[in-house]
Amino acid sequence: MSATTQLVRPAGAGHETLAVLAGCALVLAIAGTVVTLRGAPQHSHAVAAHQLDARRDLTAAEQGIHADLRIALDEIEAERGPHARLPAVAALSELGLPPFAEDASSVQRGGHAWSLVADGRTQAYVGLSADSAVAGSVLMRVQAAHGRAHGAADAAHASDAEPDIWLHRNARVAPTALDDAQLTRAGWRQVVARFDAGVTRQPR
């Protein structure tokens, strides 16, 4: 009886490698499809011709002043007197409240000279810039309060109010008319915050 010899070749790693790579490619394809389908669309909100985007259209110094004014609005409302009269610029400066306080930071941001102007029931804090190359002149309108009888309700409403801030990079004098049409005609532009879908917003 003759012996039979059978040659058994060792299993190669090529087929196993191809199978692993194919599996990885399939997983990546599925993951990419899921991310694409569930991703939030990036909607961009354009600003009007008389407006500036607070994130894109302001210099670093202007953004700092804008942020200070947003915070200062709450303090200004709290400092209103019994007749709903807005505090004077000098009083805000004595409190050390930015951007009204005269310090090194205010000089670096353009050295604004602040004043309080009025037009009927509308008042505004106007900061005229001494260096428009660093930051333009800034205006924040504040509506006159309709009485103070509601107390806590008025305070809560004031804390939720959005500041109405305008910018003019060539203004030399404070405006005398504070309505939208007159400010726009004089070259002032309203600063607005526009958020894309990808921007995280903290609830107020």
Side-chain angles (χ1 to χ4, degrees), residues 47 50-119 121-145 148 154-178 182-184 186-195 199-202 204:
V47 298
H50 70 284
Q51 295 177 331
L52 294 171
D53 189 298
R55 293 184 299 135
R56 298 187 178 95
D57 300 329
L58 304 187
T59 67
E62 291 166 350
Q63 288 179 340
I65 295 172
H66 180 263
D68 286 342
L69 286 174
R70 290 177 63 90
I71 297 172
L73 181 60
D74 289 341
E75 187 67 27
I76 290 171
E77 293 290 352
E79 289 292 324
R80 282 195 178 199
H83 302 293
R85 187 172 301 170
L86 290 175
V89 171
L92 298 176
S93 180
E94 290 177 1
L95 291 174
L97 185 65
F100 305 100
E102 298 180 2
D103 52 20
S105 176
S106 66
V107 174
Q108 293 174 355
R109 289 178 173 179
H112 291 71
W114 292 93
S115 61
L116 180 60
V117 299
D119 175 18
R121 296 190 61 84
T122 302
Q123 294 175 289
Y125 291 97
V126 180
L128 296 177
S129 176
D131 189 351
S132 58
V134 175
S137 297
V138 185
L139 178 151
M140 181 173 72
R141 290 190 303 194
V142 183
Q143 296 293 333
R148 309 289 288 180
D154 288 342
H157 177 74
S159 65
D160 290 337
E162 283 290 335
D164 187 8
I165 300 172
W166 295 66
L167 180 77
H168 194 315
R169 293 199 168 100
N170 297 309
R172 295 293 180 264
V173 295
T176 55
L178 299 176
Q182 293 294 335
L183 287 176
T184 302
W188 291 86
R189 299 178 70 181
Q190 188 179 33
V191 180
V192 295
R194 291 290 183 266
F195 294 95
V199 177
T200 301
R201 285 178 287 180
Q202 296 294 332
R204 291 183 62 82

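A donor-acceptor pair is defined here as one N or O able to donate and one able to accept, closer than 3.5 Å; no such pair exists between the side chain of W166 and the backbone of R141. Under a 3.5 Å cut-off, the side chain of S132 and the backbone N or O of N170 do not form any donor-acceptor pair. Although no hydrogens or angles enter the test, the distance criterion places no donor-acceptor pair under 3.5 Å between the side chain of S106 and the main chain of P99. Checked by atom type and distance alone, the side chain of E62 pairs as donor or acceptor with a backbone atom of G136 at under 3.5 Å. Between the Q63 side chain and the R55 main chain, a donor and an acceptor come within less than 3.5 Å of each other.
Judged as a salt bridge (charged side-chain N to carboxylate O under 4.0 Å, His left out), not a single pair has a partner in residues 126-136 (not counting sequence neighbours). Applying the salt bridge (charged side-chain N to carboxylate O under 4.0 Å, His left out) rule to pairs touching residues 103-118 yields D68-R109, sequence neighbours excluded.
Annotation: side chain to side chain contact (heavy atoms under 4.5 Å, CB included) contacts of H66 (sequence neighbours excluded): A54, L58, R70, I165, V191. The side chain to side chain contact (heavy atoms under 4.5 Å, CB included) check on A177 picks up D119, D179, Q182, with sequence neighbours excluded. With sequence neighbours left out, V117 forms a side chain to side chain contact (heavy atoms under 4.5 Å, CB included) with S115, A124, V126, A174, L178. The side chain to side chain donor-acceptor pair (under 3.5 Å) test applied to Q190 returns Q51, D164, not counting sequence neighbours.
The shortest distance between side-chain heavy atoms of I76 and M140 falls below 4.5 Å. The closest side-chain heavy-atom distance from Y125 to V138 is not below 4.5 Å. You'll find the side chain of P163 reaches within 4.5 Å of the side chain of L73, heavy atoms only.
The shortest heavy-atom contact between A101 and S93 is CA-OG, 3.8 Å.
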| Given H50 and L183, is the side chain to side chain contact (heavy atoms under 4.5 Å, CB included) satisfied, shown in steps? | CA-CA 9 Å; H50 70 284; L183 287 176; over 6 Å; no
